Amino acid sequence: MEILFYMAAAIAIYSTLRVVTGTNPIHALLSLIVSLLSVAVIFFMLGAPFAGALEVIVYAGAIMVLFVFVVMMLNIGPAAAIQERQWLTPKTWIAPAIFSALLIAQMFYLLGKGDWHQAGHTMVDAKQVGVSLFGPYLLVVELASLLLLAALVGAYHLGKRDDQSH
Amino acid sequence: MFSWVTPELGHIFFTVFQGLVILFGTVLIAAYLSLIERKLLAWWQDRYGPNRVGPYGMFQIVADMFKMFFKEDWTPPFADKLTFRLAPAIAMGTLLLSMAVIPVTATWGVIDLNIGLLFFFGMAGLAVYSVMFAAWSSNNKYALLGGLRAAAQTLSYEVFMGLALMGVVVQAGSFNLREIVEAQSDLWNIVPQFFGFCTFLIAGIAVTHRHPFDQPEAEQELADGYHIEYSGMKWGMFFVAEYIGVVMVSAMIVTLFFGGWKPLPYLDFIPGFLWFAGKTCFFIMLFVLVRGSLLRPRYDHVMKFSWLVCLPLTLVNLLVTAAVVLLNSPAA
């Protein structure tokens, strides 16, 4: 089981790096999909199959489709790849890289302190997720639905035709 | 001498054997379906259909396969190589993987997942990429237009495909397909979930891009849409994937709404496998009949129908089902 976890984690990290460093936007999105799928595998191994399935359905299966959809329509040629390569200079990535390294150092420090407990001893299925969503987290669900409603109204406004004659 | 032959090993072999039988069975049926479809369409349209190779044209499929294998598998120089090669594999792989969660009989099935139905949704969601990658990587106007249509259509229809099945899930209280079949012992889901069945059937035809929802590959307007640049076996994989989709959606309808391997009353002597196969064949025929008899609607009508008719219908169906289940369940 552990070796599977490390394999999925390695794939996730490698493909996420490919998302950042890749110059072809569709290939970068493909890497992002692979990364999301490997995160779903990790969810499955931690005993949260429902979360894993939702990761595949919602992120890999719906949100990323919209990303690919938009990029497909942008008509990106080889010129875009050259531009991307020019943008990815050490000057742009050095600062985020240092901050990420700091975060990794913090995580290793916390792991080193041994103040953690093992995950994956309990099975979190759909029923438990539902019970906690509509129990203790009801307010958050309502707030999220308000946010989605606002997005819906905004999308309707943008998509509305100006000429109402037909 | 044979000390390594343990019951566990036998179990493993049997499980792998089951998986292989179901895999090859699905692919074989899907491949043969291309011939069966042509034959059936011909009969319904008062023609002979393929009748040259073998008795009644039975071996036409062999001839077609030889043709496809020996055709030049050409990758256009202007195509994006990685995604161009990946797309047919995604098309076949995701659909075959969804077949894995379908229980054939009480004891036969590849995998018994607790989230079986969600796995099916996930695979159906990933299947969109085959069309989108094929369309984009081909670097062709018609392919791109087909891909755009396919992506928008599949996303719209997947929204209410999920909602249509939630009524079934509420009634069975589980995402496990085996438990859903067991929950239909007394009454098949087609009776209480009639609207769920209608909308799922429509969504199933739409996500497999079968006629009358084949606007993404409409020959008259788009000259075959997203797989216009494909040839040889890569095109063959798209072709077979479509039929695998038909088999898979039919098997899914049988599992969810027609009691899977459960027999009709007083007909228990017929084994469960035959019931499953017979019911699935019925729906495959229905798919072909729909193709042979309906017109192709305009693309904006397809989208309007999805969002304005099917989506509200599934939402009402889900609410009513949940209310009825809540009324019938004892107070906690």
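Only a predicted model underlies this, so the values are computations on that prediction, with no experimental measurement involved. First the proteins, then the strands, lettered A, B, ... as listed; each starts at 1.
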| said: Could you report the tightest heavy-atom contact between Ala53(A) and Leu118(B), atom names first, then the distance? | reply: CB-CB, 3.7 Å

| said: Taking NZ in Lys304(B) as the centre, count heavy atoms belonging to other residues, nucleotides or ligands within less than 6.0 Å. Is the count above 12? | reply: no

| note | Here the gap from Leu29(A) atom CG to Thr83(B) atom OG1, rounded to the nearest 0.5 Å, amounts to 11.5 Å

| Considering only heavy atoms, which portion of Leu148(B) lies under 4.5 Å from any heavy atom of chain A: side chain, backbone, both, or neither? | both

| query | Does any pair with a residue in residues 49-71 of chain A pass ring pair (Phe, Tyr, Trp, His ring centres under 6.0 Å), and if so which ones, sequence neighbours excluded? | reply | none

| message | Listing request: all salt bridge (Lys or Arg N to Asp or Glu O under 4.0 Å) pairs with a residue in residues 172-183 of chain B, at least two apart in sequence or in separate chains. | response | Asp112(B)-Arg178(B), Glu182(B)-Lys262(B)

| field | Pairwise side-chain contact, Leu155(B) with Leu66(A), heavy-atom cut-off 4.5 Å (strictly under) | value | yes

Side-chain donor-acceptor contacts of residues 122-135 of chain B below 3.5 Å, not counting sequence neighbours, with atom names and distances?
{"unit_1": "Tyr129(B)", "atom_1": "OH", "unit_2": "Ala60(A)", "atom_2": "O", "d": "2.3"}
{"unit_1": "Tyr129(B)", "atom_1": "OH", "unit_2": "Val65(A)", "atom_2": "N", "d": "3.4"}
{"unit_1": "Ser130(B)", "atom_1": "OG", "unit_2": "Ala127(B)", "atom_2": "O", "d": "2.9"}

| remark: Within residues 127-146 of chain A, contacts to chain B at heavy-atom distances under 4.5 Å involve none

